[in-house]
There are 2 protein chains.
Amino acid sequence: METNSGLRPADVRQNNLASVLGVLRRGSATRSDLVAATGLTRSTMAGLVSELAELGLIDEVSSAATGRPGRPSPLVRLVPGAVAALGIDVSVTRLAVGLVGLDGRTISVVEREGDRTADSPESTAEAVAEMAQRIGVGGDGAPILVGVGAAVPGLVRGRDAHVVLAPNLGWTDVAFADLVRTAIHQRLGVLLDVSIGNEADLGAMAEARFGVGRRDRNVLYVHGDIGVGGSIVVDGARLPGASGYAGEIGHMPVNPNGGRCRCGSVGCWETEIGERVLLERAGLDPNSGNSGVKKLVVAAEGGEQRALDALAENGRWLGVGLAGLINILDPGLVVIGGLFGPLMPYMSDALDAELVARRFGPDERVASVVAAEMGTDALLIGAAELALTPALADPAGWLTIGG
Amino acid sequence: METNSGLRPADVRQNNLASVLGVLRRGSATRSDLVAATGLTRSTMAGLVSELAELGLIDEVSSAATGRPGRPSPLVRLVPGAVAALGIDVSVTRLAVGLVGLDGRTISVVEREGDRTADSPESTAEAVAEMAQRIGVGGDGAPILVGVGAAVPGLVRGRDAHVVLAPNLGWTDVAFADLVRTAIHQRLGVLLDVSIGNEADLGAMAEARFGVGRRDRNVLYVHGDIGVGGSIVVDGARLPGASGYAGEIGHMPVNPNGGRCRCGSVGCWETEIGERVLLERAGLDPNSGNSGVKKLVVAAEGGEQRALDALAENGRWLGVGLAGLINILDPGLVVIGGLFGPLMPYMSDALDAELVARRFGPDERVASVVAAEMGTDALLIGAAELALTPALADPAGWLTIGG
DNA sequence: CAGGTTTGTCGACTACTCTGACAAATTGAC
DNA sequence: GTCAATTTGTCAGAGTAGTCGACAAACCTG
């Protein structure tokens, strides 16, 4: 049912400011573009633009000649580096902190490579604060920070922003948001809101808003790793589900005769397409992780048949599962990310064949399947997006109270 | 991303009127209840209530004593039978037309039983118009009709409201909405908007809003029949997908060694839980349809082992698929409808066992699985809901132009 | 340089909600 | 039965936001 909550005139302003900002973060636009996109009048747009300009979020420059008659409309754009959020990528082999602007682009990034399985949540939070300091948070001329977001490889409980379980980090029920908030507070003297999200969800958000999915409103994102995660983007926003855990596509049953899954069940999708089976099928050490995958890529590039067969088999199973997901969710686009992204060239033939064989329903429902295009900073950007969201939804409120 | 469209002061009024109506259709409420539910002020609510009252949609009666001090707040309720939509249920064995009020309750229903596979779309539309006349559309004292909705057992294309394919009716690419509109126009002299929807989607809508799902905002509805359809309800509204065909859960692959599906693929869910396998497993004629299912129920009630085993096996496969769907969608509630509803008592043990074995993730994510509770009129009500939706979203606009 | 076109600006107007004061209608204590 | 406390409906005035229409500004074409 509809939201059932009342609207006030002030909400109108808030919505319209957010709409303008929403258009602009996809790229600069002239004032008359904004008028066309929002359906508001020129007078109203003048007020909105001037308010956002006073907040320092946007500025106007005279636009290039259009070649058409009429008074030229000035180009409105986000002020780069005026406002930003801190994005944190807590991966198993990488810890990265980056400043991300309203346009979803990184301003600067600081990272540490290396195995982090031994790091405690506390030392991780401490490292994050140190890196945030190094990146220049709070310094002169630095952007106004609206918040901090962190991407974690594990289950995150929305209610209290706890990391319920991150097996690959060895974390259980960690209040990571609080740890980061206090670490940053102690080191930098600023209190920032910290949000946490699952890495698949945040990768999906970045990819859906700024990557290959930028033109689609309904995207299914598949994140391959040791396990297989996913995130469902509907109308540009993540589908959370009733308790916030929607998107666990890795445990969809696809093969009743399949192997036992670490979840205790049998024949989950992830037992057919996860990192371990893939390496095993290729004759490599199933526990060799990232380095094993790199070996696999080299072998495939070298035309080694066993590697190619293993990848094709993975593509086939990927196709089996995706066919079902496409029938269920009818996304316009499927984005393959994580481990699978770089492997797509070797999997897509087998994958497509399976999709064609299992296509059901009218021809209109065709979802293209593509590899993720954003690089290593996708998680960072998705994490920052988490923190930017409330500020984008209420720009005036955020910047007059916070800054 | 957000909707990016501008809001005007008039939209505020529209939204607030719709909010009040949205609260009221779940049951009567006092004016101060409405104030609490919407967050608006008492003065504003006075204006909204009086506007809706002038439109004839609601009225106020003095409420029963609350036992608490203070001036009593009058009870606001929908005027029964003031405004309604015509719901049409086009099933294989039943054609029904009903008047459904704003509260989602039928005012009157006219139906024809009997096999309709020989009926053409044209004669069906003609019959619908005749039944609408019989029900008293346009007569004195009849409710104001805001539109017509029809539930069809087949694929419906949203763009032009065509029935793309309804195999069990033998319809292919039928402009059924237009047929009904002209048939009603010719016979009754009124031009009404006609919308069409898939039976699973409309059954889901009815069940989610007025049936077992009335307290949940995220519901997965599974509709068993010859095939298996489904509908995903997110935040009270159907999840349409990119091209409007989301919810085709019957063709999720669950068994690579399974039987060939009528969709051309292998091991679709529907090959393991559909009507045909169920009857076959029970030793009955797989083509005996509804009568076969009735025999099966009788046999199960009589404790016949083969029938019980067949139902348990169906429950098991239902559980396998549902486990996957719950992991993917994280609904708060799963509603089992259509053919499966009455069979649930015989399937739920095996189903639950499978769900427990395949549960993944934190304990918070538990979806209860229940049988649909609305009777034969569910499709009718869901169909009418389709027609009511625009009127509910803009009550003032609809009733001043239309009536 | 003149006419056509598109766009920004400004003031008057409309629509909606909020605020605050007051009146109305009930409960409960004396 | 009366009076205080409490809750709610009503009303007028104020505030905020967007629209409308007229006009000026800035560009193109010829």
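Scope of the values below: all heavy atoms of this structure, side chains included, with no hydrogens, waters or symmetry mates. Residue numbers start from 1 in every chain, and the chains themselves are labelled A, B, ... in the order their sequence lines are given, proteins ahead of strands.
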Is [X] close enough to [N] that one of its side-chain N or O atoms is under 4.0 Å from OP1 or OP2 there?
X       : N     : value
B:Ser73 : D:dG9 : yes
A:Ser32 : C:dT7 : yes
A:Arg68 : C:dG4 : no

Expressed as a whole number of angstroms, how long is the span from [X]:[atom1] to [N]:[atom2]?
X       : N      : atom1 : atom2 : value
A:Asn15 : C:dT17 : CG    : P     : 16 Å
A:Arg71 : D:dA26 : CZ    : P     : 6 Å
A:Asp33 : C:dT6  : CG    : P     : 14 Å

Gap separating the [atom1] atom of [X] from the [atom2] atom of [Y], nearest 0.5 angstrom:
X        : Y        : atom1 : atom2 : value
A:Leu75  : A:Asp33  : CG    : CG    : 8.0 Å
B:Glu385 : B:Leu102 : CD    : CG    : 9.0 Å
B:Leu48  : B:Leu34  : CG    : CG    : 9.0 Å

Report task. Would you indicate whether A:Arg214, at its atom CZ, is surrounded by more than 12 heavy atoms from other residues, nucleotides or ligands within a distance under 6.0 Å? Result -> yes
Report summary line: With the side chain defined as heavy atoms from C-beta on, B:Arg42 is closest, among D:dT8, C:dT9, D:dA26, to D:dT8
Requested in this report: Report the C-alpha separation of B:Asn218 and B:Leu333 in whole Å, then their side-chain angles, then the decisive distance to 0.1 Å, and conclude whether the side chain to side chain contact (heavy atoms under 4.5 Å, CB included) test is met.
Outcome: CA-CA 7 Å; B:Asn218 296 287; B:Leu333 181 76; over 6 Å; no
Requested in this report: Taking B:Asp330 for its side chain and A:Gly244 for its backbone only, find out whether a donor-acceptor pair lies under 3.5 Å.
Outcome: yes
For nucleotides 17-20 of chain D, which of its nitrogen or oxygen atoms have a protein nitrogen or oxygen under 3.5 Å away, and what is each distance?
unit_1 : atom_1 : unit_2  : atom_2 : d
D:dG18 : OP1    : A:Asn16 : ND2    : 2.6
D:dG18 : OP2    : A:Arg13 : NH1    : 2.6
D:dT19 : OP2    : A:Thr41 : N      : 3.2
D:dT19 : OP2    : A:Thr41 : OG1    : 3.0
D:dT19 : OP2    : A:Thr44 : OG1    : 2.7
D:dC20 : N4     : A:Ser43 : OG     : 2.8

Query raised in the report: Given that B:Gly70 and B:Arg31 both sit by DNA chain D, which one's nearest nucleotide is further toward the 5' end?
Result: B:Gly70
